[in-house]
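I have placed the structure first, in the form of structure tokens, so that the comments after it can refer back to it.
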Amino acid sequence: IDLRLGVRIVDVDRDAKTLTGDDGSVSPYDVLLLATGSSAFMPPIQGLDKDGVFVFRTLDDTRGLLERSGAGKKAIVIGGGLLGLEAARGLQVQGCDVTVVHLMSTLMERQLDPDGGQYLLGKMEDLGVRVLLGRTTTAILGNGHVEGVALSDDSVLEADLVVVVAGSPANGALAHNAH
């Protein structure tokens, strides 16, 4: 294994079995493993540009959330998958009043069957996290900064901050463009 830090791979030539770095270097390989990470998916919700809207993917995201969280703050987490529930619990431990809004009818539906999702729902509620299932966030409300969210059932929830954790598509462009 040859470790090269600070070089971004910009091209893969499968026939020649070479990688091209952003520094112009060309490196041969025998076996290639692509681990390119993922990006935060931002659903089409009005108001995502408001101050107080966060994603939860990086250490910097976490730092920003910690700076804004605290006792009495109302936090809405959009997404009831693994990362969304981790964000919800982390905010709750910081003293926030947390509500998770999830589109699907069960939590972590990709990893759990409906019974497992129902069990997890009970555990999250036992911890003090409110969970709303089968709802879509239609807008983030506020005048420049987050003041609440509007849901598909016409309800409105007050919020001081919103965390969007609605999926993490893989960064697959490098693999897709490999020739």
Give the minimum heavy-atom separation between [X] and [Y], together with the two atoms involved.
X      : Y      : value
Ile9   : Val12  : CG2-CG2, 4.4 Å
Thr106 : Gly117 : OG1-CA, 3.0 Å
Gly81  : Met108 : C-CG, 3.8 Å
Thr18  : Tyr29  : N-CE2, 3.4 Å
Val7   : Ser25  : CG1-OG, 4.4 Å
Val163 : Ala87  : CG1-CB, 4.4 Å

Is there a side-chain contact (heavy atoms from CB on, under 4.5 Å) between Leu112 and Leu107 once you walk through the steps? CA-CA 8 Å; Leu112 301 175; Leu107 292 174; 5.7 Å; no

Please indicate whether [X] has more than 12 foreign heavy atoms, meaning atoms of other residues, nucleotides or ligands, lying under 6.0 Å from its [atom1].
X      : atom1 : value
Glu158 : CD    : no
Glu125 : CD    : yes
Glu109 : CD    : yes

Under the side chain to side chain donor-acceptor pair (under 3.5 Å) rule, collect the residues that match up with Thr62, sequence neighbours excluded.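 Result, side chain to side chain donor-acceptor pair (under 3.5 Å) vs Thr62: none returned.
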
Are [Y] and [X] co-members of a hydrophobic cluster defined by side-chain heavy atoms under 4.5 Å apart?
X      : Y     : result
Leu120 : Leu82 : yes
Leu141 : Val53 : no
Met104 : Ile45 : no

Does Leu103 offer a backbone N or O that forms a donor-acceptor pair with the side chain of Thr136 under 3.5 Å?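 It does not hold such a pair.
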
I need the [X] [atom1] to [Y] [atom2] distance, nearest 0.5 Å.
X      : Y     : atom1 : atom2 : answer
Leu161 : Leu91 : CG    : CG    : 6.0 Å
Asn143 : Lys50 : CG    : NZ    : 7.5 Å
Gln92  : Ser69 : CD    : OG    : 11.5 Å
Ile140 : Asp51 : CD1   : CG    : 11.5 Å
Thr137 : Ile76 : OG1   : CD1   : 8.0 Å
Glu86  : Leu83 : CD    : CG    : 5.5 Å

Pair Val77-Val98, side-chain contact (heavy atoms from CB on, under 4.5 Å): steps then yes or no: CA-CA 7 Å; Val77 177; Val98 181; 4.1 Å; yes

With a 4.0 Å cut-off on N to O distance, would you call Arg135 and Asp154 a salt bridge?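 Salt bridge between Arg135 and Asp154, a charged N being under 4.0 Å from a carboxylate O: no.
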
Cut-off 3.5 Å, side chains only: do Arg4 and Ser27 have a donor facing an acceptor?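 Side-chain D/A pair, Arg4 to Ser27: present.
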
Are side-chain N/O atoms of Asp153 and Ser155 paired as donor and acceptor at under 3.5 Å?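 Yes, because at least one side-chain N or O of Asp153 sits under 3.5 Å from a partner of the opposite role on Ser155.
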
Would Ser152 and Thr138 satisfy side-chain contact (heavy atoms from CB on, under 4.5 Å), going step by step from the backbone distance to the final call? CA-CA 6 Å; Ser152 55; Thr138 57; 4.3 Å; yes

For Val149 and Val162, run side-chain contact (heavy atoms from CB on, under 4.5 Å): C-alpha distance rounded to whole Å, both residues' side-chain angles, the deciding distance at 0.1 Å, then the answer. CA-CA 8 Å; Val149 298; Val162 173; 3.7 Å; yes

